[in-house]
Amino acid sequence: MKIRTRFAPSPTGFMHVGNLRTALYEFLTAKHGGGDFVLRIEDTDQERYVEGATDVIYNTLKIAGLTHDEGPDIGGDFGPYVQSERVGLYKPYAEQLVKEGKAYYCFCTKERLEKLHEDGVIGYDRHCRDLSADEIQKLLDSNTPYVIRQKLPLTGETTYHDCVYGDITISNEELDDQVLIKADSFPTYNFANVIDDHTMGITHVVRGSEYLSSTPKYNALYDAFGWDIPTYIHLPLIMGKSVDEDGNEVISKLSKRHGSTGFMDLINEGYLPEAIINYIALLGWAPTTNQEIFSMEELIANFDINGISKSPSVFDYNKLEWVNAEYIKAMDFESFTNYAKPYYDQYGLTEDKYQLLSEILQPRITRFTQIAEKLTFLKEFSDFDLSLFEHKKSKSNKETSIAALTDMIPALEALDWNSEAISNLLTGYATEKEIKNSVVMWPVRIGAAGVAVTPGGCAEVLILLGKEESLKRLKTSLDRLTKE
RNA sequence: GGCCCGUUGGUCAAACGGCUAAGACAUCACCCUUUCACGGUGGAGACACGGGUUCGAUUCCCGUACGGGUCACCA
């Protein structure tokens, strides 16, 4: 049988990485087996409706590379794929169960249920479970509002199988007579979910482990209708690390207080979609080899339910950062430059410098957004601390710097401005004076950049600044050094 | 609180009764080097605890502790 999985988000306008990972595993489960991945929008809660929220879902899936085979936007044989367009579909199923004696009308008011809870009753007391036909008819005739509840077994126990967690058994006494149809005649989420999954032919239900304890209720519905129970794949949760008021580190379910946990947030911070997907694929799943970098094709080929872990995992920005850097380093010149171009433009850098820029930046950044900070020295040149000229490892101090700058400025001035010429001049000078290269490289780089850390070495810095600006800065620096 | 699930280094994790318990990120040291990166080499660092079962337990069973989830006319 062809595998069919589904991603069924509520349109909240925000795609959490936890949801995205669920979608990814659903996608991979289907694709690994050559199956279909279905998108269904669960928007039965009108109160929570957010404008444009479904577009966020489409965009996220598109950027993430999780292309669905059926969905509201592209159609399919099992539509409609938006729950609000299916509302009329659910109640007949519930009525059918009532007729068969597997469900019943419940006329209890919310007030009565609240009172029950106040009195310490857990769940529903099944007050309406055994009303007589007369009583029911009377209440119906008087238009008393009602919900439809399913009759669940009072004794015994239920066992089901999950591909990740194994066999799970629970006592039937734990099961409440669940509401199927609400007083407003809308289906409850659980009910709609089962009806939709079945009528859409979903074979593998992949979802977060928070559904582990309600799964027996879902199964009770499949059983009541005589439908096949789908294969269950429950996923461990993703956790975040944060610090509480007392300064203690706490680990809890990933949420906004852990920083950027929305897919789009991460994109805006400069993480590549492929890197995010790659990273979260490895959060809760491990391949059989030590491979860490996976393309989507490789994920599809290697994904295996057996590799899914049971225990929750902590979202680690460090590792995401590393994965992102791996993707950046693997880019060819063209694509790297494409991503970097907006930042180059920001600094007024012309195309003739792209080659050099990309070369020196590519191994140095872990996110594209870092380019700006790496290049600030091009725009800013202030009265930096002259102690920067002192550097033991480069055997440099203010005296050696004055000497080097004094000799090098006029020599540079006479130079044809290219990387090779600059390097030759500086190393040649070092050889001639029998000093280490760094004794001349260090002061020239510092004198021109005005900061200790620069992307690239002395020659690169000078090229990026250009001849005029470089010499201007070097003279200023020498001036300040000698005056001191 | 009841029920369910989980527990290998700081983090992600491999191992599905038999080893000196992989690997990756982070961290530290050294090398490379024209600063910083990149790259290379190496170091430190883990089976929550207590009972069983077994010739032998990280692995199986039972408790304890800790963590998480769930108990709606919400999704």
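None of these values were measured; they are calculated from a predicted model. Residue numbers start from 1 in every chain, and the chains themselves are labelled A, B, ... in the order their sequence lines are given, proteins ahead of strands.
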J.: How is A/S313 classified with respect to the nucleic acid when contacts are heavy atoms under 4.0 Å: base, sugar-phosphate, or nothing?
T.: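 Sugar-phosphate, no base atom in range.
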J.: A cation-pi test, strictly: NZ or CZ of A/R367 under 6.0 Å from the centre of the six-membered ring of A/Y271 and no more than 45 degrees from its axis. Yes or no?
T.: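 Flagged: A/R367 positioned over aromatic ring of A/Y271.
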J.: Is the backbone of A/I360 close enough, under 3.5 Å, to the side chain of A/R364 for a donor and an acceptor to pair up by distance?
T.: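 Confirmed, A/R364 side chain pairs with A/I360 backbone.
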J.: What nitrogen or oxygen pairs link the protein and nucleotides 37-41 of chain B at under 3.5 Å?
T.:
| residue | atom | partner | partner atom | Å |
| --- | --- | --- | --- | --- |
| B/A37 | O2' | A/P363 | O | 2.9 |
| B/C38 | O3' | A/K329 | NZ | 3.1 |
| B/G39 | OP1 | A/K329 | NZ | 3.1 |

J.: Using Watson-Crick and G-U wobble pairs whose two distances are both under 3.5 Å, how do you write the pairing of RNA chain B as dot-bracket, with | for links to another strand?
T.: (((((((..(((.....[....))).(((((.......)))))....(((((..]....))))))))))))....
J.: Among side-chain atoms of A/S394 and A/S396, is any donor-acceptor pair under 3.5 angstrom?
T.: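 Result is no, nothing qualifies.
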J.: Between A/D196 and A/R6, is the closest basic N to carboxylate O distance under 4.0 Å?
T.: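 Salt bridge flag = no for A/D196 with A/R6.
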J.: Does A/K182 make a side-chain N or O approach to OP1 or OP2 of B/C74 shorter than 4.0 Å?
T.: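 The answer is yes; a side-chain N or O of A/K182 sits under 4.0 Å from OP1 or OP2.
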J.: Name the nucleic acid region contacted by A/G208, choosing base, sugar-phosphate or nothing; use a 4.0 angstrom heavy-atom cut-off, strictly under.
T.: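 No contact.
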J.: I'd like the P distance from B/C62 over to B/G6, given in whole Å.
T.: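 About 11 Å, rounded to a whole number of Å.
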J.: Would you classify A/A452 as touching base, sugar-phosphate or nothing, given that sugar-phosphate means primed atoms plus P, OP1 and OP2, and contacts are heavy atoms under 4.0 Å?
T.: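 Base, at least one base heavy atom under 4.0 Å.
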J.: Can you give me the closest heavy-atom contact between A/C128 and A/Y104, atom names plus distance?
T.: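 Taking every non-hydrogen atom into account, O-CD1, 3.4 Å.
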J.: Mind calculating the distance between NZ (A/K374) and P (B/U35) to the nearest angstrom?
T.: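 Whole-Å distance recorded here is 15 Å.
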J.: Roughly, in whole Å, what's the span from CG in A/N190 to P in B/U70?
T.: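 After rounding, the gap between these two atoms is 13 Å.
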J.: Using the C1' atom as the reference point in each nucleotide, state the distance between B/C12 and B/U54 in Å, no decimals.
T.: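 My reading of the C1' atoms in B/C12 and B/U54 gives 33 Å.
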J.: Quote, to the nearest angstrom, the P distance that separates B/A21 from B/C49.
T.: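 About 16 Å, rounded to a whole number of Å.
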J.: Expressed in whole Å, how much space separates the C1' atoms belonging to B/U59 and B/C19?
T.: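 These two C1' atoms come out 14 Å apart once rounded.
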J.: Considering just the side-chain nitrogens and oxygens of A/T188, establish if one lies under 4.0 Å of OP1 or OP2 belonging to B/A75.
T.: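 Negative; the distance criterion is not met.
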J.: Under 4.0 Å from OP1 or OP2 of B/G69: is there any side-chain N or O of A/K310 that close?
T.: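 Answer no for this pair, as no side-chain N or O of A/K310 is under 4.0 Å from OP1 or OP2.
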J.: Contact class for A/T288 (heavy atom, under 4.0 Å): base, sugar-phosphate, or nothing?
T.: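 Touches nothing.
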J.: Does the side chain of A/N219 come under 3.5 Å of the side chain of A/Y232 through a donor N or O and an acceptor N or O?
T.: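 Looking only at side-chain atoms, A/Y232 and A/N219 do form a donor-acceptor pair, the distance falling under 3.5 Å.
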J.: Cation-pi check for A/Y344 against A/K353: NZ or CZ below 6.0 Å from the six-membered ring centre and within 45 degrees of the axis, yes or no?
T.: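 The answer is no, since A/K353 fails at least one limit relative to A/Y344.
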J.: Of the nucleotides B/C12, B/U70, B/C73, which has the atom closest to the A/S213 side chain?
T.: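 When the side chain of A/S213 is considered, B/U70 is the closest of B/C12, B/U70, B/C73.
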J.: I want to verify a distance call: between B/A24, B/G6, B/U35, whose nearest atom is closest to the A/Y165 side chain?
T.: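 For the A/Y165 side chain, the nearest candidate turns out to be B/G6.
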J.: Looking at A/L61, A/L20, A/V56, which one forms a side-chain contact (heavy atoms from CB on, under 4.5 Å) with A/F263?
T.: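 In the set A/L61, A/L20, A/V56, the residue that makes a side-chain contact (heavy atoms from CB on, under 4.5 Å) with A/F263 is A/L20.
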J.: Sticking with atom P, work out how far B/G23 lies from B/U35, rounded to a whole angstrom.
T.: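 Looking at atom P only, B/G23 and B/U35 are 31 Å apart.
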J.: By the 4.0 Å heavy-atom rule, please label A/N306 as base, sugar-phosphate, or nothing.
T.: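 A/N306: no heavy atom of the nucleic acid under 4.0 Å.
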J.: What are the residues of residues 230-239 of chain A, sorted by number, that bring a heavy atom to within less than 4.0 Å of RNA chain B?
T.: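 Residues of residues 230-239 of chain A that come under 4.0 Å of RNA chain B are, in numerical order, A/L237, A/M239.
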J.: Base, sugar-phosphate or nothing for A/T169? Non-hydrogen atoms, less than 4.0 Å.
T.: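 Contact class for A/T169: sugar-phosphate only.
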J.: If you measure from the P atom in B/C16 to the same atom in B/C74, how many Å do you get, rounded?
T.: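 Each nucleotide's P atom is 48 Å from the other's.
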J.: Give a yes/no verdict on a cation-pi contact between A/R126 and A/Y124, requiring under 6.0 Å between NZ or CZ and the six-membered ring centre and an angle within 45° of the axis.
T.: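 Pair A/R126/A/Y124 does not count as cation-pi.
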J.: Do A/R445 and B/U34 have a side chain to base donor-acceptor pair shorter than 3.5 Å?
T.: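 Not at all, since no donor on one side and acceptor on the other fall under 3.5 Å apart.
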J.: Can a side-chain donor-acceptor contact be found between A/D332 and A/S335 if the only test is distance below 3.5 angstrom?
T.: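 A/S335 vs A/D332: donor-acceptor pair found between side chains.
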J.: Name the nucleic acid region contacted by A/Y211, choosing base, sugar-phosphate or nothing; use a 4.0 angstrom heavy-atom cut-off, strictly under.
T.: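 Base, at least one base atom sits under 4.0 Å.
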J.: Can a donor-acceptor pair be found, under 3.5 Å and without considering hydrogens, that links the side chain of A/Q362 to the backbone of A/F336?
T.: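 Checked: no pair found.
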J.: Counting N and O atoms only, with roles assigned by atom type, does the side chain of A/R473 sit under 3.5 Å from a partner on the main chain of A/A448, one being a donor and the other an acceptor?
T.: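 Looks like yes, one N/O pair under 3.5 Å.
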J.: What's A/V147 touching, base or sugar-phosphate or nothing? Going by heavy atoms closer than 4.0 Å.
T.: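 Contact class for A/V147: base.
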J.: Write down the atom of A/L375, the atom of A/Y347, and the distance for their closest heavy-atom approach.
T.: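 For A/L375 versus A/Y347, the nearest heavy atoms are O-CE2, 3.5 Å.
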J.: Tell me whether A/E114 is salt-bridged to A/R112, with the criterion being a basic N under 4.0 Å from an acidic carboxylate O.
T.: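 Between A/R112 and A/E114 there is no salt bridge, as every charged N stays at least 4.0 Å from the carboxylate O atoms.
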J.: Taking only the side-chain heavy atoms of A/C458 (C-beta and beyond), determine which of B/A75, B/C5, B/U34 contains the nearest atom.
T.: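 Nearest listed nucleotide: B/U34.
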J.: Select one nucleotide: of B/C73, B/G2, B/G23, the one nearest the side-chain heavy atoms of A/E174.
T.: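 From the listed options, B/G2 comes nearest.
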J.: Side chain of A/E210, heavy atoms from C-beta onward: which of B/G69, B/C5, B/C25 has the nearest atom to it?
T.: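 Per side-chain heavy atoms of A/E210, the pick is B/G69.
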J.: If we take the P atom in both B/C61 and B/A57, what is their distance in whole Å?
T.: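 My reading of the P atoms in B/C61 and B/A57 gives 16 Å.
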